[in-house]
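What follows is a set of notes on a single structure, which appears directly below.
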Amino acid sequence: MGPLSTTAFIISAVAKVLVIFVGWLIVVAGVTLAERKIAAWIQDRSGPNRVGPWGIFQPIADGIKNFAKEEHIPGGASRWLFFLAPIISMFPAFVVIAVIPVAAPLPTPWGLVEVIVADLPIGFLFVMALASLGVYGLTLGGWASNSKYSFLGGVRASAQMISYEVALGLSLVPIFMLAGNVTLPEIVRQQQDALWYVLPLMVGFLFFSVSYFAETNRGPFDMPEAESELVYGFHTEYSAMRMAMFYLAEYANMVTASALMATFFFGGWDIPFWAGDNIGVAADGSIIGATPAWWVTLLTFASFAAKTAFFILVFIWVRWTIPRFRYDQVMALGWKVLIPLLVVYIAVLGGAMLALEAAGIEFGVRYALSLAGINLVLLLLIMFWLDRSRIVLGGAWRQARPQQARSRG
Amino acid sequence: MDISQLVFYTFAGLAVASSVLMITRRNPVYSVMYLVLTLFSVAAIFVLLEAHFLAALQVVVYAGAILVLFLFVIMLLNLGHEFDPDIRGKFWWVVGFGLGLVLFAELFVLARSVPEAPESDLLARLLADQGAVGMVAEPLFENYVIAVEVTGVLLLVAMVGSVVIAKRKV
């Protein structure tokens, strides 16, 4: 099978856009239900259970309700920006999925179709670019509402998202260093050849997840909409479908973040310990490695979906378990902990990679395992430092220095 | 007119229109939003030139970071103020008009001396060889590495300076 003809390419592109985006919307709707169900389960309540069996049609009911409700525009609001803000926050959340590969290439009678909407040469930078635009929706929504609570929420959103964008970008530098590439299909392929990057880049994964939690404004970092302080933060004044759009954007961001965690650190659509899915496509369109088949594509898609679902679950689980940070704690974590540690981490990792190459170890399983060892040590050190002798040394630490413990109350 | 021309004129028109709107709006928040639109359209034109990396940087750095800071500062500083025009008095109008004329003249000089276009397949070949990032990174970190380092130190000094000024008790 050679490369696609132009007509086949256009048809496949349209088909991919339709299938992937419609699928994405359904997933996002499903996640809103999942969040309410899991929250209910964690808090020992029933959750939504009236619409359909076990309440599975709740998202549809929510949609109808939000469309039918009255739109309210507060007095003195900036009408245009008030109208645009939800759209601005929804657009990046939904476009980002275009660069994520969701399954192994699919063989068709007309050629091999890669299951990714757009394999851009800048790959992940596209994700960063769009993620950095999401903040406008929140900030403008807060400003345009002409309300003090909304405004404070918007200001918090912009400060928090700028701060954590730096940490997010830095936490991905190790991946680029290891992969030597920024396109997502290439990163997935390299993880198939060696190890999932979560092992050689454990510390990077920890920091990536923390900064993405903050970037999506999910609890424990949901400062822009902290109910106990700001009523409802940046969308206090929003009602009906516009408020629902902010929610959709939040959930879409969460699904994207989960998909990115799966792609960068857990091998994307790779099925572990099985060589049957190691399909690569060379520049001239010929196939490297295993033979593609429709069932392989389905299986790899199931693997990708399972990994993504797991991280969505983690997002929800964390939100309903960990109490919200104070705002100054959020900023201190971003600027005084994550960013300096990441800079040091990048330097250490770069040194380690140079040393490994000097020792003559090629990129592969051994290389990745050596890096994993270094990362494990770093991770333990960081955990010990963040713990500040609370859990590990526990009571022993307090008894050894009773005066200090007392003075801290 | 082929499709890339159509795309170019769409985004070029958008860039010009939004930059005009940017300088004519009274409300600085609207100005910032039009500036974002301008930078976005310019990024789209970079993509047409196959400068993918530059386009991504344009959005990440300018639209995504610097202008968010602008917006942040404007929103905080302009609370409860009337939005006065920044140019006051006839003298500054004349100065502004004169500077505009100079820029316009520069544009004409530049348009008359169009540089030679690079080989048509040069960009495509570089893209296949080194990837979108490598295309920029290789010359930057090999031929111009001293300039990059010096700029880095300069920015660091500026940053430390601003932190020192901000920390000073007034």
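Chain A is the first sequence line, chain B the second, and so forth, proteins listed ahead of strands; every chain is numbered from 1.
Between chain A and the options B:Val59, B:Val68, B:Val36, the largest number of non-hydrogen pairs under 4.5 Å is found for B:Val68. When each of A:Leu125, A:Thr183, A:Val155 is checked for heavy-atom pairs under 4.5 Å with chain B, A:Val155 comes out on top.
Heavy-atom distances place no part of B:Leu57 under 4.5 Å from chain A, backbone and side chain included. Heavy atoms of A:Ala144 lying under 4.5 Å from chain B are absent altogether. Using a 4.5 Å cut-off between heavy atoms, B:Val61 does not touch chain A at all. Neither the backbone nor the side chain of B:Val32 comes within contact range of chain A; no heavy atoms are under 4.5 Å apart.
Atoms CG and OG, on A:Leu140 and A:Ser150 in that order, are 12.5 Å from each other to the nearest 0.5 Å. Interatomic distance, CG of A:Leu338 versus CG of A:Leu333, reported as 4.5 Å (0.5 Å rounding).
Judged by the 6.0 Å and 45° rule, A:Arg242 forms no cation-pi pair with A:Phe83.
The contact list for residues 161-171 of chain A toward chain B, using heavy atoms and a distance under 4.5 Å, reads A:Ile162, A:Glu165 by residue number.
Not counting sequence neighbours, A:Glu215 has no partner by the salt bridge (Lys or Arg N to Asp or Glu O under 4.0 Å) test.
Looking at A:Gln191, its side chain does come within 3.5 Å of a backbone N or O of A:Tyr197 through a donor-acceptor pair.
When ring centroids are compared, A:Tyr238 and A:Phe246 come within the 6.0 Å threshold.
Between the side chains of A:Tyr327 and A:Gln160, no donor N or O sits under 3.5 Å from an acceptor N or O.
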Which pairs of donor and acceptor atoms, one on a side chain in residues 38-45 of chain B, lie under 3.5 Å apart (sequence neighbours left out)?
residue: B:Thr38; atom: OG1; partner: B:Ser18; partner atom: OG; Å: 3.1
residue: B:Thr38; atom: OG1; partner: B:Tyr34; partner atom: O; Å: 2.8
residue: B:Ser41; atom: OG; partner: B:Leu37; partner atom: O; Å: 2.7

Only distances under 3.5 Å count here; give the side-chain donor-acceptor pairs of residues 151-163 of chain B to other protein atoms, sequence neighbours excluded, each with its distance to 0.1 Å.
residue: B:Thr151; atom: OG1; partner: B:Ala147; partner atom: O; Å: 2.5
residue: B:Ser162; atom: OG; partner: B:Ala158; partner atom: O; Å: 3.4
residue: B:Ser162; atom: OG; partner: B:Met159; partner atom: O; Å: 2.8

